Amino acid sequence: MFRKLIFGLSVVLVSIVSCVNEEDAPMKVIFETDMGNDIDDALALDMLYKYMDQGLVDVLAIGLNKTGFGPVEYVGLMNQWYGYPDIPIGKITEGIEYNYPESNFAAKVSAMKDESGNPLFKTGFESKENLLEAPVLYRKVLAGVPDNSVTLISVGYSTNLVRLMESGPDEYSDLSGMELIAKKVKLLSVMAGDFRPGASAEFNVVRDIPSAKMIFEKWPTPVVASPFDVGLSICYPASSIENDFNWADPHPLVEGYKAWGTMPYDRPTWDLTSVLYAVEGDSWFTVSPQGKIKVEDNGCTRFTPCPDGNRRYLSVTKQQADAILARFLNLIPSKPSGHCAE
């Protein structure tokens with residue numbers, strides 16, 4: 001009887017400790033991006049590093065959903081510079097390519113040299129040929145984490161996510177892609193769509209419409225979309241880039257911002273809003289009721305409320321937009337704790 005009592009108490013104590021540890025543990029995040037198209041991707045990535053510094057987030061992997069020179073290289077040098085060189089990076093092959101030399105800041109910064117002709121920023125890897133394809137990396141990461149523990153943030157094209165959905169059993173898991181997602185992922189936070197009446201097709205959707213259709217119709221976990229008009233209403237100011245980062249020179253985010261366009265310019269914070277929602281929750285936003293999202297053949301997105309739907313989208317009031325911008329201006333210019341930023 002005594003042994004049974006002790007065993008029972010032990011089980012209870014282990015359960016309590018496990019619950020406490022899970023609540024205190026950093027949020028597990030996979031981030032995927034079309035880095036290089038617009039500077040908001042770099043700002044969003046900066047946010048994730050700052051959340052890691054604060055112990056709020058554990059970035060398990062960063063996947064690229066855009067091909068070409070610059071995206072992988074820029075993420076590599078950002079990981080190095082911010083002091084997180086061990087975050088694995090997933091590449092994409094035969095994906096969507098959208099490289100305009102005049103605005104591809106990722107390629108420009110990756111190609112910068114110092115006075116000796118050496119790379120101004122180190123990428124942390126010798127060749128991206130050795131990197132795993134992003135969907136394979138996602139399978140590897142998801143197979144090793146507790147159930148229902150990963151938040152996936154996707155800011156860009158849906159190509160990799162569909163490839164993950166369509167993947168089969170491999171060396172990392174016996175589960176199909178859909179089974180693995182359903183078991184391990186708790187939320188997909190995406191920057192995509194525009195749900196205003198009469199709105200045009202949004203960029204991330206229209207660049208790969210078949211994949212966007214699959215995500216919104218068949219992705220097996222809840223999805224929350226931050227649409228075009230949310231980021232459009234919150235612009236990151238050039239004055240911050242010019243004045244708030246004097247503690248570091250050169251700074252890869254600042255160099256990227258300057259390389260993307262002619263300074264000074266303020267830029268919408270599309271991707272940042274998906275990161276903010278995923279990490280800090282819905283208190284910053286107005287969140288739609290539950291429903292379904294349909295992607296039409298022309299790329300336009302339509303939301304239909306229904307109690308059994310698990311799709312939602314964000315919107316903001318002027319007051320919320322101002323508060324979110326203040327949050328960005330507090331977080332992003334702060335000095336990271338990584339040793340490379342010293």
Side-chain angles (χ1 to χ4, degrees), residues 18 21-22 25-35 45 48-49 52 57-80 84-97 123-190 208 210-223 278:
S18 297
N21 288 340
E22 287 178 6
M27 174 186 293
K28 293 178 173 59
V29 167
I30 293 174
F31 180 66
E32 70 152 42
T33 165
D34 59 340
M35 187 68 71
L45 184 54
L48 287 170
Y49 296 130
M52 291 182 74
V57 161
D58 179 13
V59 178
L60 306 176
I62 301 173
L64 281 301
N65 50 45
K66 172 189 144 185
T67 60
F69 173 72
V72 169
E73 290 81 0
Y74 186 81
V75 170
L77 68 86
M78 289 282 277
N79 282 352
Q80 288 286 316
Y84 294 100
D86 296 329
I87 299 176
I89 301 171
K91 65 181 179 180
I92 184 171
T93 302
E94 297 182 356
I96 304 299
E97 186 164 353
T123 64
F125 54 85
E126 293 184 1
S127 172
K128 62 184 177 185
E129 300 306 316
N130 298 327
L131 301 177
L132 293 175
E133 291 289 326
V136 177
L137 177 59
Y138 299 164
R139 288 188 60 87
K140 179 179 179 180
V141 168
L142 291 175
V145 298
D147 294 352
N148 195 41
S149 66
V150 173
T151 297
L152 206 158
I153 305 172
S154 181
V155 293
Y157 319 135
S158 301
T159 316
N160 281 332
L161 300 185
V162 169
R163 291 178 181 179
L164 174 61
M165 292 168 67
E166 294 177 341
S167 65
D170 59 10
E171 61 186 296
Y172 304 114
S173 174
D174 293 333
L175 300 177
S176 69
M178 290 290 279
E179 292 169 335
L180 190 60
I181 295 165
K183 186 174 183 179
K184 302 294 186 175
V185 177
K186 62 180 178 180
L187 173 70
L188 172 60
S189 177
V190 297
D208 190 350
S211 292
K213 283 176 175 279
M214 282 280 290
I215 293 302
F216 283 118
E217 293 176 12
K218 297 185 179 180
W219 183 268
T221 79
V223 178

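Bear in mind the structure is a predicted one, so any value in this text is a computation, not a measurement.
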Exercise. Is a side-chain N or O of Arg139 found less than 3.5 angstrom from the main chain of Ser173, in a donor-acceptor match?
Worked result: yes
Exercise. What is the distance from atom CG of Asn148 to atom OG1 of Thr221, rounded to the nearest 0.5 Å?
Worked result: 9.0 Å
Problem set entry | Least distance between heavy atoms, Met178 atom then Lys218 atom | CE-O, 3.1 Å
Problem set entry | Smallest separation among heavy atoms of Val223 and Trp219, with atom names | CG2-CD1, 3.7 Å
Problem set entry | Distance, nearest 0.5 Å, that separates NZ of Lys66 from CG of Asp208 | 14.5 Å
Exercise. Are Glu32 and Ser154 linked by a side-chain donor-acceptor pair shorter than 3.5 Å?
Worked result: yes
Exercise. Is a side-chain N or O of Lys184 found less than 3.5 angstrom from the main chain of Val145, in a donor-acceptor match?
Worked result: yes
Problem set entry | Contact check, side chains of Asn79 and Pro85, non-hydrogen atoms, under 4.5 Å | no
For this session: Report yes or no: does Ser158 contribute a side-chain atom to a donor-acceptor pair with the main-chain N or O of Leu161 at less than 3.5 Å?
Result: no
Problem set entry | Derivation and outcome, side-chain contact (heavy atoms from CB on, under 4.5 Å), residues Asp174 and Glu179 | CA-CA 9 Å; Asp174 293 333; Glu179 292 169 335; over 6 Å; no
Problem set entry | Under 3.5 Å donor-acceptor, Glu73 side chain and Gly70 backbone | yes
Problem set entry | Check: Lys140 side chain, Tyr172 main-chain N or O, donor-acceptor pair, under 3.5 Å | no
Exercise. Given side chains that start at C-beta, do those of Asn65 and Ile96 come closer than 4.5 Å, heavy atoms only?
Worked result: no
Problem set entry | Distance in Å, Lys186 NZ paired with Leu152 CG, rounded so as to fall on 0.5 Å steps | 12.5 Å
Exercise. Which heavy atom of Gly63 sits nearest a heavy atom of Ala134, and at what distance?
Worked result: CA-CB, 4.2 Å
Seminar exercise, completed: For Val141 and Ala61 the tightest heavy-atom approach is CG2-CB, 4.1 Å
For this session: Step by step, work out the side-chain contact (heavy atoms from CB on, under 4.5 Å) result for Leu142 and Ile30.
Result: CA-CA 9 Å; Leu142 291 175; Ile30 293 174; 4.1 Å; yes
Seminar exercise, completed: Taken to the nearest 0.5 Å, the spacing of Ile87 CD1 from Met78 CE works out to 10.5 Å
For this session: May I ask you to test the Phe216-Val190 pair for a side-chain heavy-atom distance under 4.5 Å?
Result: yes
Seminar exercise, completed: When every non-hydrogen atom of Pro220 is compared with those of Ile181, the smallest separation belongs to CG-CG2, 3.5 Å
Problem set entry | Distance, nearest 0.5 Å, that separates OG of Ser149 from CG of Leu60 | 7.5 Å
For this session: Assess whether side-chain contact (heavy atoms from CB on, under 4.5 Å) is satisfied between Glu166 and Met214, documenting all intermediate values.
Result: CA-CA 10 Å; Glu166 294 177 341; Met214 282 280 290; 3.9 Å; yes
For this session: First locate atom CD1 of Ile62, then atom CD1 of Ile153, and finally report the distance between them rounded to the nearest 0.5 Å.
Result: 10.5 Å
Seminar exercise, completed: Tightest non-hydrogen contact, residues Arg163 and Thr93, listed as NH1-O, 2.9 Å
Exercise. Under the 3.5 angstrom rule, does the side chain of Asn160 hit a backbone N or O of Leu64 as a donor-acceptor pair?
Worked result: yes
